[in-house]
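Notes for the one structure printed next.
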Amino acid sequence: MRKFLAACGLAAGLALAGGAQAETVRFWYHFDNPDNPMSKLIEKFEAQNPGIKVEAENVPWNSYYDNLYTAVVGGNAPDAAMVKLFAQPRLVEMGALEPIGDRIEKWAGKADLLDNLLNLNKGPDGTQYHLPIQYVVLYLYYRTDLFKSAGLEPPKTCDEFLNAAKALTKAPDQYGFGFRGGKGGWDQWGTFVFSKGAKFEKGGLTTPEAIAANQWVIDLFRVHKVLPPSAPNDGFQEILGAFKSGKTAMTIHHIGSSADIVKALGDKVSAVPVPRCGDKAWTSYGDESLAIFSASNAKDAAWKWISFLAEGENNVLFNQATGQLTVTKSGSKDWKLHEQRFVDATVASLPFASVLPQTSATADFVNTVLPTTMQRALTGQITSEQMMKEIEGLLASQ
């Protein structure tokens with residue numbers, strides 16, 4: 001009996017110890033692709049880390065950051081999440097992010113990260129809060145079949161772009177360009193406005209040149225009518241659907257869309273760098289990173305999880321679903337996810353790719369101010385100057 005009781009006590013002690021060691025990592029991410037590999041990744045990770053359980057929640061993109069900020073303020077932030085650079089300043093101001101620079105320095109996977117990605121992802125205070133997970137650069141998609149029928153070449157300048165958009169517009173069945181007037185469209189807008197001299201800084205949006213550049217974008221809709229009537233409210237799904245169906249002949253996005261578009265169109269689609277509007281071209285470097293939240297009680301486990309996602313074949317599997325590019329050197333050597341013409345357009349765009357300044361105004365601009373002012377300007381409720389002054393007011397308030 002004594003031996004039996006001792007054995008029971010030992011078993012209970014082991015169970016308690018095991019329970020004390022077990023940790024749950026709450027992870028937020030956003031995938032549009034229904035072919036989601038997260039379950040496979042979690043299964044592999046948990047097999048390698050039996051003391052850790054991952055609870056992953058796929059949060060819809062349109063409400064992702066609203067939900068994230070609300071969760072942080074409410075004390076219910078996840079342990080780790082996918083995050084973008086534009087949100088980093090606000091999250092840093094909120095004290096929401098855990099510095100991970102020391103962890104990265106000790107991490108064997110650091111040597112396999114592509115050059116300069118860590119520098120691009122540094123916080124506004126120089127601290128490393130983000131671990132890169134994927135990247136893209138925006139370029140111009142165009143329908144090769146529609147261009148060929150119209151006897152057109154892909155545009156290299158904004159004058160050529162406008163001429164092509166006019167020639168390709170056959171309303172109400174076809175329009176020259178699919179413009180993302182809703183959330184997420186700031187980088188399309190920036191292609192035309194920043195390359196014409198506007199700057200995302202105090203005083204840089206209300207110069208005559210900047211106001212004229214913004215008016216040029218508004219005129220695409222109101223004067224030249226080369227955008228679909230739905231443009232003020234269109235988001236990612238709308239511009240992609242219109243492009244694949246032939247409703248639009250051009251749009252701006254990144255390599256993450258290429259597999260889906262090729263599946264629908266085959267060789268009827270190709271890509272080139274965005275047109276140059278002024279002395280230079282401007283396009284957006286698109287990032288996606290991973291972060292640990294400072295309120296987490298499972299920081300070590302969260303680090304094991306996010307570093308796992310950024311490593312070798314795990315990162316390749318992750319990005320086969322997101323459609324973006326792996327952040328690893330090893331994965332890049334044998335990358336087969338995208339056809340070469342889209343990789344070429346990405347690489348050709350890198351020399352003039354940019355990120356928005358990491359200030360607290362950036363998140364408000366991307367999420368709220370640009371889409372609401374853009375919609376009002378496109379529908380004639382405010383002028384170009386009023387729109388730019390509202391954005392300038394945001395910068396001046398910081």
Side-chain angles (χ1 to χ4, degrees), residues 21-88 90-92 94-101 103-104 107 109 113 117 121 123 128-135 256 286-324 326-328 331 363:
Q21 290 175 359
E23 291 184 279
T24 297
V25 175
R26 293 174 59 231
F27 176 66
W28 282 15
Y29 69 106
H30 52 84
F31 274 3
D32 293 324
N33 192 342
D35 185 15
N36 188 334
M38 195 57 67
S39 295
K40 293 180 182 178
L41 287 164
I42 291 173
E43 183 179 353
K44 179 180 177 181
F45 175 80
E46 291 182 346
Q48 295 176 2
N49 299 271
I52 303 173
K53 179 182 179 183
V54 176
E55 292 182 354
E57 182 177 353
N58 190 0
V59 180
W61 167 249
N62 282 344
S63 59
Y64 189 79
Y65 284 96
D66 291 339
N67 289 341
L68 187 60
Y69 298 139
T70 299
V72 169
V73 172
N76 191 37
D79 297 293
M82 288 174 67
V83 284
K84 284 183 174 289
L85 278 175
F86 76 76
Q88 189 171 206
R90 169 174 284 184
L91 291 170
V92 170
M94 297 169 77
L97 299 181
E98 178 74 9
I100 57 174
R103 295 181 186 273
I104 291 174
W107 174 48
L113 288 180
L117 285 181
N121 281 272
Q128 202 80 51
Y129 299 102
H130 283 193
L131 180 65
I133 188 71
Q134 60 192 38
Y135 81 99
D287 71 291
E288 194 76 68
S289 299
L290 303 171
I292 299 171
F293 286 82
S294 56
S296 171
N297 293 318
K299 293 185 179 70
D300 290 342
W303 166 253
K304 287 182 180 180
W305 168 241
I306 68 170
S307 60
F308 168 87
L309 292 177
E311 291 173 345
E313 62 182 19
N314 305 327
N315 190 250
V316 169
L317 178 60
F318 183 93
N319 285 304
Q320 284 174 344
T322 67
Q324 300 195 24
T326 177
V327 297
T328 66

Salt bridge present between Glu23 and Lys304 (N-O < 4.0 angstrom): no
Any side-chain to backbone donor/acceptor pair from Ser289 onto Lys84? Under 3.5 Å, distance only. no
Whether over 12 other heavy atoms sit under 6.0 Å from Glu57 CD: yes
So Tyr65 and Arg90, side-chain contact (heavy atoms from CB on, under 4.5 Å) or not? Walk me through it. CA-CA 11 Å; Tyr65 284 96; Arg90 169 174 284 184; over 6 Å; no
Which atom names give the shortest non-hydrogen contact between Leu91 and Val83, and what distance separates them? CD1-CG1, 4.2 Å
State whether a side-chain donor-acceptor pair under 3.5 Å links Asn319 with Thr322. yes
Side-chain donor/acceptor of Asn315 to backbone N/O of Leu309, under 3.5 Å: yes
How about Phe318 and Phe308: are their ring centres within less than 6.0 Å of each other? no
Residues that Gln128 engages under side chain to side chain contact (heavy atoms under 4.5 Å, CB included), provided they are two or more places apart: Ile104, Leu118, Asn121, Lys122
Going from CZ on Phe293 to CG on Leu97, what distance comes out if it is rounded to the nearest 0.5 angstrom? 6.0 Å
Drop me the distance from Glu288's CD to Tyr29's OH, to the nearest 0.5 angstrom. 13.0 Å
For Lys299 and Ser294, indicate whether the former's side chain and the latter's backbone hold a donor-acceptor pair under 3.5 Å. yes
Rounded to the nearest 0.5 angstrom, the CG-OG1 distance for Asn297 and Thr24 is 11.5 Å
Under 6.0 Å from the NZ atom of Lys44, do we count more than 12 heavy atoms belonging to anything else shown? yes
Shortest non-hydrogen contact from Val327 to Gln134? CG1-N, 3.2 Å
Under 6.0 Å from the CD atom of Glu313, do we count more than 12 heavy atoms belonging to anything else shown? no
Output the distance between atom NE2 (His30) and atom CG (Leu68), rounded to the nearest 0.5 Å. 10.0 Å
Reported CG-to-CD1 distance for the pair Leu290 and Ile133, which is rounded to 0.5 angstrom: 4.5 Å
Side-chain (Asp79) to main-chain (Arg26) donor-acceptor, under 3.5 angstrom: yes
